[in-house]
Amino acid sequence: PPPCKNTGKFLTTAVIEANMTFSLLGYDPVRKTIGSAIASKWTAVGSCVPYHRAGFGLVHVQNYSNPMVAERCLDYMEQHIPLDQSLDLALREDTLPGQRQCAICNYEGDFHVYTGQDCSPVAAQAQAAHCVAIGNTLAHEHVVHAMVQSFEQNADMPLGERLITALDAGQDAGGDN
């Protein structure tokens, strides 16, 4: 696949194959912080899946990542459009929304998730009070559920440790193929 360049507000429009990926977005209600973690077979997937805008939120676009979906979603979030509508509007402008897998969160701890019908099987998503997990080309759907369960059960850990522990739980549950 072509390289993915995140140069701030101006992104290449290349679609990046980021399948065989599972990821998690988490919220710490005590510190009012958000974070994310990603596991993938794709080298440097961190340059193609997660997108952040200070004060507004995080967006993950995976399976076949399209940076413009993430940037448009963040633009709508910056206009204070609700998360579900922000993602819906961003996907309407996309040529292949069925191949996208997206998760978004804001600094209030709200989440929204989407898995397109044409994502690489097994594609799954799971959500709890303070996190959302998505994955594609998974060993089975339980991978994302194990991640969410781990994140929620380790509320006493700092956010970064919770995210990494949840990724480990997903890998232990079978990870991706």
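All values reported here derive from a predicted model rather than from experimental measurement.
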Can you check whether [Y]'s main-chain N or O pairs, donor with acceptor, with [X]'s side chain at less than 3.5 Å?
X: Arg100; Y: Gly116; result: no
X: Ser36; Y: Leu24; result: no
X: Tyr64; Y: Val61; result: no
X: Gln85; Y: Met77; result: no
X: Ser150; Y: Met147; result: no

In Å, rounded to the nearest 0.5 Å, how long is the span from [atom1] of [X] to [atom2] of [Y]?
X: His130; Y: Arg162; atom1: NE2; atom2: CZ; value: 7.5 Å
X: Cys102; Y: Leu91; atom1: SG; atom2: CG; value: 5.0 Å
X: Cys73; Y: Leu87; atom1: SG; atom2: CG; value: 5.0 Å
X: Ile81; Y: Ser86; atom1: CD1; atom2: OG; value: 5.5 Å
X: Ile134; Y: Ile38; atom1: CD1; atom2: CD1; value: 9.0 Å
X: Cys131; Y: Gln149; atom1: SG; atom2: CD; value: 10.5 Å

Identify whether the distance between the nearest side-chain nitrogen and carboxylate oxygen of [X] and [Y] falls below 4.0 Å.
X: Arg53; Y: Glu71; result: yes
X: Lys41; Y: Asp176; result: no
X: Asp28; Y: Arg31; result: yes

**Q.** Check against side chain to side chain contact (heavy atoms under 4.5 Å, CB included), Tyr27 and Thr33
**A.** CA-CA 6 Å; Tyr27 174 70; Thr33 56; over 6 Å; no
Q: Before giving the answer on side chain to side chain contact (heavy atoms under 4.5 Å, CB included), spell out for Val122 and Glu141 the whole-Å C-alpha distance, their side-chain angles and the decisive distance to 0.1 Å.
A: CA-CA 7 Å; Val122 168; Glu141 288 186 14; 3.7 Å; yes
Starting from [Y], can I reach [X] by hopping between I/L/V/M/F/W/Y residues whose side chains sit under 4.5 Å apart?
X: Leu83; Y: Val59; result: yes
X: Ile104; Y: Phe56; result: no
X: Leu163; Y: Val144; result: yes
X: Val113; Y: Val69; result: no

Check whether any side-chain heavy atom of [X] lies under 4.5 Å from a side-chain heavy atom of [Y], and answer yes or no.
X: Leu25; Y: Phe111; result: yes
X: Tyr114; Y: Pro97; result: yes
X: Phe22; Y: Gln171; result: yes
X: Tyr51; Y: Leu58; result: no

Q: Determine, step by step, whether Gln99 and Asn63 satisfy the side chain to side chain donor-acceptor pair (under 3.5 Å) criterion, reporting the C-alpha distance in whole Å, the side-chain angles of both residues, the deciding distance to 0.1 Å, and the verdict.
A: CA-CA 7 Å; Gln99 293 186 359; Asn63 193 64; 5.6 Å; no
Q. Should we say atom CD of Glu152 is surrounded by more than 12 heavy atoms from elsewhere, each under 6.0 Å from it?
A.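 Count over threshold, so yes.
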**Q.** Minimum-distance pair of heavy atoms, taken over all atoms of Ala123 and Gln101
**A.**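 What the structure gives for the nearest pair is CB-NE2, 4.1 Å.
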Q. Side chains of Gln62 and Thr21: donor-acceptor distance under 3.5 Å anywhere?
A. no
Q: Check the pair Asn66 / Asp94 against side chain to side chain contact (heavy atoms under 4.5 Å, CB included), numbers first and verdict last.
A: CA-CA 8 Å; Asn66 182 343; Asp94 187 19; 3.2 Å; yes
Q: Please assess Phe151 against Leu159 for the test side chain to side chain contact (heavy atoms under 4.5 Å, CB included), listing each intermediate value before the final yes or no.
A: CA-CA 9 Å; Phe151 186 88; Leu159 181 59; 3.7 Å; yes
